[in-house]
Amino acid sequence: MFERILSLFTPTPHVTELPPEDARHALGALLVRTAKADHAYLFEEVEEIDHVLADLYDLNPVEAAMMRAACEKLEHEMPTTENLAQILHDAISQSEREDVVAALWRVVFADGIEEEEEDAILHQVEGALGVSAEISKRLHDEAQAAALGG
């Protein structure tokens, strides 16, 4: 009985379970990693990640935010961008890989500023996904134009 009483005063750490390393969560983690690449994780980027996840997976805003939170944990735990990209590469088609690169560019331009660190992540991902530099450049230009209102 004394142990039960003591247990009431002993905090038990709450451990959030790591999400599965599936294509959906790998994409979310890459979106988060791209947003964090410039060492600033801004509201506009978080909002764009939520929009991308909601659009791709038919989620409502709360579900998208919850998925992003899980993806943030996966991004923190996964050691390399290549590991995340490889999960996607193995699970999706070539056209879907191009959609991933387009979504990543949307996140880059969400805050209106394209940083070198973000470019580096994108080039790493496009290489791992097998998306050509030419296609990635086109997707870059489209995302940039959309961000500028064009």
Subject >> Spatial distance of atom CE (M78) from atom OG1 (T80) [nearest 0.5 Å] >> reply: 6.5 Å

**OP:** List in chain and number order the residues that pass salt bridge (charged side-chain N to carboxylate O under 4.0 Å, His left out) with E72, two or more places apart in sequence or in another chain; answer none if no residue qualifies.
**Re:** R68

**OP:** Sequence neighbours left out, what pairs pass ring-ring contact (aromatic ring centres under 6.0 Å, His included) with at least one residue falling in residues 58-117?
**Re:** W105-H140, F109-H140

Subject >> Pairs satisfying salt bridge (charged side-chain N to carboxylate O under 4.0 Å, His left out), at least one member in residues 117-141, at least two apart >> reply: K137-D141, R138-E142

Original post:
With I113, which residues qualify under side-chain contact (heavy atoms from CB on, under 4.5 Å), at least two apart?
Top reply: D111, E115

Subject >> Test item: T34 side-chain N/O and L30 main-chain N/O as donor-acceptor pair under 3.5 Å >> reply: yes

Original post:
Do L53 and L31 come close enough that some side-chain heavy atom pair is under 4.5 Å?
Top reply: yes

Just distance, no hydrogens or angles: give the donor-acceptor pairs under 3.5 Å from side chains in residues 60-67, sequence neighbours left out.
from : atom 1 : to  : atom 2 : distance (Å)
N60  : OD1    : V62 : N      : 2.9
N60  : OD1    : E63 : N      : 2.8
N60  : ND2    : E63 : OE1    : 3.4
E63  : OE1    : N60 : N      : 2.9

Subject >> Close side-chain approach of V101 and I135, heavy atoms under 4.5 Å >> reply: no

Original post:
Residues in salt bridge (charged side-chain N to carboxylate O under 4.0 Å, His left out) with D55, at least two apart?
Top reply: R106

**OP:** State which residues pass side-chain contact (heavy atoms from CB on, under 4.5 Å) with S95; sequence neighbours excluded, sorted by chain then number.
**Re:** S93

Subject >> Option among E44, H51, E48 that satisfies the side-chain contact (heavy atoms from CB on, under 4.5 Å) test with V107 >> reply: E48

Subject >> Nearest-0.5 Å distance that lies between atom OG in S136 and atom CD in E98 >> reply: 9.5 Å

Original post:
Between SG of C71 and CD1 of I49, what distance do you get to the nearest 0.5 Å?
Top reply: 9.0 Å

**OP:** Work out which heavy atom in Q94 is nearest to a heavy atom in L129; give both atom names and the distance.
**Re:** OE1-O, 4.1 Å

Subject >> side-chain contact (heavy atoms from CB on, under 4.5 Å) partners for D99, two or more places apart >> reply: none

Subject >> Point-to-point distance, once rounded to the nearest 0.5 Å, from CG of L74 to CD1 of I87 >> reply: 6.5 Å

**OP:** State which residues pass side chain to side chain donor-acceptor pair (under 3.5 Å) with D58; sequence neighbours excluded, sorted by chain then number.
**Re:** none

Original post:
Could you state the interatomic distance from CD (E116) to CD1 (I121), rounded to the nearest 0.5 Å?
Top reply: 13.0 Å

Original post:
Is there a side-chain contact (heavy atoms from CB on, under 4.5 Å) between Y57 and V52 once you walk through the steps?
Top reply: CA-CA 8 Å; Y57 304 121; V52 168; over 6 Å; no

Original post:
Counting distance only, does the side-chain N/O of R97 pair as donor-acceptor with the main-chain N or O of I92 below 3.5 Å?
Top reply: yes

Subject >> Partners passing side-chain contact (heavy atoms from CB on, under 4.5 Å) against A40 (at least two apart in sequence or in another chain) >> reply: D38, L42

**OP:** Could I get the full list of salt bridge (charged side-chain N to carboxylate O under 4.0 Å, His left out) partners for E75, not counting sequence neighbours?
**Re:** R33, K36

Subject >> Results of salt bridge (charged side-chain N to carboxylate O under 4.0 Å, His left out) for E96 - residues two or more places apart only >> reply: none

Original post:
Taking atom CD of E114 and atom CG of L122, what is their separation to the nearest 0.5 Å?
Top reply: 8.0 Å

